[in-house]
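Some notes on the structure that comes next.
Quick caveat, the model's predicted, so the values are computed rather than measured. All heavy atoms count here, side chains included; hydrogens, waters and symmetry mates do not.
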Amino acid sequence: MNCSCEILINKPIQQVWDYVNNPDHLKLWLNDFVRYEHLTGDMNAPKIGDTSSHTYDQNGKEFTMTEKIVAYDPPHHIKLFMAHKMFDMDVVNSFEEMSPTQTKLIATAVSVRASLLMKVMMLFMPNKKMQRDHEKQIEKLRNLIEAL
């Protein structure tokens with residue numbers, strides 16, 4: 001799986017960064033998101049190595065992924081490693097100031113490991129559908145930020 005979306009948001013870069021990286025907002029724009037739990041590090045001063053858990057609900061079954069910050073350069077770039085027993089993925093969000101009131105967000109999610117069972121399941125989930133879902137999710141994010 002390799003999903004990428006580039007979108008312009010009509011808000012200043014710091015405002016976009018703050019919204020995207022606020023755990024309280026995740027449930028508003030991430031598909032199937034249930035809850036966030038901070039595990040390590042200072043929530044008010046994130047840094048490389050800090051961890052949290054994200055729980056999702058898919059068809060009535062919850063699963064939890066562990067998130068680790070692997071690159072952090074506010075308000076321009078964050079890279080997260082998301083781990084689960086069935087698959088791991090890199091999530092990268094890059095922010096570019098286009099003007100004082102407009103920000104480009106490039107959001108990517110790339111699978112870096114998948115179990116055999118997950119590989120079989122992915123045969124029935126075409127990458128085009130996953131890409132469309134990713135784009136809809138990022139569009140929803142843009143609409144939420146621009147409504148502020």
Closest non-hydrogen atom pair, [X] against [Y]:
X	Y	answer
V20	L141	CG2-CD2, 3.7 Å
K27	D24	NZ-O, 3.0 Å
L144	L28	CD1-O, 3.5 Å
F33	H54	CE1-ND1, 3.7 Å
V91	M82	CG2-CG, 3.8 Å
C5	H134	CB-CD2, 3.7 Å

Going from [atom1] on [X] to [atom2] on [Y], what distance comes out if it is rounded to the nearest 0.5 angstrom?
X	Y	atom1	atom2	value
I7	T103	CD1	OG1	12.0 Å
T64	K85	OG1	NZ	10.0 Å
E97	Q102	CD	CD	10.5 Å
I9	L148	CD1	CG	10.5 Å
D133	I138	CG	CD1	11.5 Å
S99	N10	OG	CG	8.0 Å

Under 4.5 Å between any side-chain heavy atoms of [X] and [Y], yes or no?
X	Y	result
I78	V92	no
D50	K68	no
D90	L80	no
I69	P46	yes
Q137	W29	yes

So, does [X] use its side chain to make a donor-acceptor pair with the main chain of [Y] at under 3.5 Å?
X	Y	value
E96	L105	no
R142	L8	yes
D73	H76	no

Check whether the side chains of [X] and [Y] place a donor and an acceptor atom closer than 3.5 Å, and report yes or no.
X	Y	answer
T55	E62	no
S53	T66	no
Q14	D18	yes

Check: So E146 and K11, salt bridge (charged side-chain N to carboxylate O under 4.0 Å, His left out) or not? Walk me through it.
Finding: CA-CA 6 Å; E146 288 184 350; K11 289 292 181 176; over 6 Å; no

Margin query: So that I know where these two stand, are H77 and F95 an aromatic pair - ring centroids less than 6.0 Å apart?
Written below: no

Notebook entry, point to check: Only one of M65, M43, E67 forms a side-chain contact (heavy atoms from CB on, under 4.5 Å) with S52, so which one is it?
Noted result: E67

Notebook entry, point to check: Is the shortest side-chain N to carboxylate O distance from K136 to E139 below 4.0 Å?
Noted result: no

Notebook entry, point to check: Going hydrophobic residue to hydrophobic residue with side-chain gaps under 4.5 angstrom, can you get from W17 over to I48?
Noted result: yes

Check: Does M89 share a hydrophobic cluster with I106, counting links as ILVMFWY side-chain heavy atoms below 4.5 Å and allowing steps through other members?
Finding: no

Next item on the list: Check the angle between the aromatic planes of F63 and Y56 and answer parallel, tilted or perpendicular using the 30° and 60° thresholds.
Entry: parallel

Checklist line | Neighbour count >12 (heavy atoms, 6.0 Å) for atom NZ, K47 | finding: yes

